[in-house]
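Below: one structure, written as structure tokens.
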Amino acid sequence: MSEVSAGSTHTATIEWRDQGPLFATQAEATGLSYLRGLISGDVVAPPVAQVLGIEVVKADPGRVQFTMPVKNFFTNHLGLLAGGILSTLVDSALGCSILSAIPEDKDIVTLDLNVDFLRPVREASGLITVDAEVVHLGRNRGLATCRVVDSDGKLCAVGKSSCLVRTKSPAAPVTASNDPVETR
């Protein structure tokens, strides 16, 4: 086993593909067809999903399954997956479970998010999987819950979210930018 001394420098290059037309601007696209397009590769994932490695692996009406690899540079000072990174995965899966169950003229916006962290997630946890499902879908609001497990099938977290179900309103066109993002 080799040790890495404190202060070792690592480099991560972040690349992503432009996602093209946003779902909210596609009048005839259903949430389910969008998610299935992500699975097949016909739709490009949003940049945040690309950077974090979030993938949709199953999508049925009201149910989705997402995965994400645990990477070293997503860990905090304890060597654990940062709660905000895990919360982003959970928020994405919960919202998309609701998105998969609504009509084509609707989209969603998260209203609230609750994540209970039950077990530490480390890089050694491997691929984490989120199974999310809708538990209530009304005219203007959806509620979903999920379970997060590590590559050994151990329960790591549970989550709950409600989303506003709203009429799609075409957004202003998004322009692609290949300008490098500078961080300090």
Side-chain angles (χ1 to χ4, degrees), residues 9-59 63-76 80-102 104 106-115 121 123 125-132 142 144 146 148 156-157 159 161-184:
T9 302
H10 302 269
T11 301
T13 302
I14 299 175
E15 295 180 356
W16 64 90
R17 292 175 48 208
D18 290 328
Q19 63 182 327
L22 300 176
F23 172 76
T25 65
Q26 299 174 29
E28 296 180 12
T30 65
L32 188 58
S33 66
Y34 171 76
L35 293 166
R36 289 182 173 164
L38 289 169
I39 294 168
S40 70
D42 294 335
V43 174
V44 177
V48 67
Q50 293 177 53
V51 170
L52 294 178
I54 296 172
E55 291 190 16
V56 183
V57 293
K58 289 183 187 173
R63 290 178 178 242
V64 298
Q65 184 177 74
F66 281 32
T67 60
M68 185 186 83
V70 179
K71 299 176 184 175
N72 175 274
F73 59 95
F74 294 162
T75 60
N76 62 21
L80 306 175
L81 179 65
I85 300 287
L86 182 57
S87 295
T88 299
L89 172 64
V90 167
D91 180 43
S92 298
L94 290 168
C96 285
S97 70
I98 296 169
L99 187 67
S100 72
I102 59 175
E104 66 187 27
K106 304 289 184 186
D107 66 11
I108 57 101
V109 176
T110 301
L111 292 171
D112 60 48
L113 174 67
N114 180 276
V115 182
V121 178
E123 185 178 11
S125 299
L127 193 70
I128 52 178
T129 302
V130 180
D131 287 297
C146 73
V148 181
C156 300
S161 177
S162 63
C163 291
L164 175 67
V165 177
R166 64 185 193 164
T167 301
K168 282 184 186 177
S169 56
V174 176
T175 59
S177 172
N178 293 325
D179 297 336
V181 176
E182 184 175 315
T183 58
R184 294 183 191 248

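Put simply, the residue from Leu32, Leu35, Val56 that forms a side-chain contact (heavy atoms from CB on, under 4.5 Å) with Cys96 is Leu35.
Under the side chain to side chain donor-acceptor pair (under 3.5 Å) criterion, the residue pairs touching residues 86-100 are Asp91-Thr110, with sequence neighbours excluded. Screening residues 31-48 for salt bridge (charged side-chain N to carboxylate O under 4.0 Å, His left out), with sequence neighbours left out, gives Arg36-Asp60.
For the atom pair CE (Met68) and CD (Glu55), the distance works out to 11.5 Å, reported to the nearest 0.5 Å. Taking CZ from Phe66 and CG from Leu52, the interatomic distance works out to 12.0 Å, rounded to the nearest 0.5 Å. In this structure, CG in Leu80 is found 11.0 Å from SG in Cys156, a value given to the nearest 0.5 Å. To the nearest 0.5 Å, atom OG1 of residue Thr30 and atom CG of residue Asp107 are 12.5 Å apart. Rounding to the nearest 0.5 angstrom, the gap separating the CG atom in Leu164 from the CG atom in Leu111 is 5.0 Å.
Counted within 6.0 Å of NZ on Lys71, heavy atoms from surrounding residues, nucleotides or ligands total more than 12; the atom is thus considered enclosed.
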Show your reasoning for whether side chain to side chain contact (heavy atoms under 4.5 Å, CB included) applies to Ile128 and Leu81.
CA-CA 11 Å; Ile128 52 178; Leu81 179 65; 3.8 Å; yes
Let's go through Thr167 and Lys106 carefully: what are the C-alpha distance in whole Å and the side-chain angles of both, what is the deciding distance for side chain to side chain contact (heavy atoms under 4.5 Å, CB included) to 0.1 Å, and is it a yes or a no?
CA-CA 4 Å; Thr167 301; Lys106 304 289 184 186; 3.3 Å; yes
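Inter-residue side-chain proximity for Leu127 and Pro69 is flagged as met; some heavy-atom pair is nearer than 4.5 Å. Within the 4.5 Å cutoff, the side chain of Val165 has heavy atoms near those of the Ile108 side chain.
Scored by the side-chain contact (heavy atoms from CB on, under 4.5 Å) test, Val43 finds Tyr34, Leu38 as partners (sequence neighbours excluded). Looking at residues two or more places apart in sequence or on another chain, you find a side-chain contact (heavy atoms from CB on, under 4.5 Å) between Asp112 and Arg141, Ser162. Remark: Gln50 engages Trp16, Arg17, Val44, Ala45 in a side-chain contact (heavy atoms from CB on, under 4.5 Å) (not counting sequence neighbours). In this structure Thr129 satisfies the side-chain contact (heavy atoms from CB on, under 4.5 Å) test together with Gln65, Thr67, Asp131, Val149, sequence neighbours excluded.
The minimum heavy-atom distance between Cys163 and Gly95, with the atom names listed, is SG-CA, 4.0 Å. For the residue pair Val90 and Gly159, the shortest heavy atom distance occurs at CG1-CA, 4.2 Å. Closest heavy-atom contact between Ser161 and Leu94: CB-CD1, 3.5 Å.
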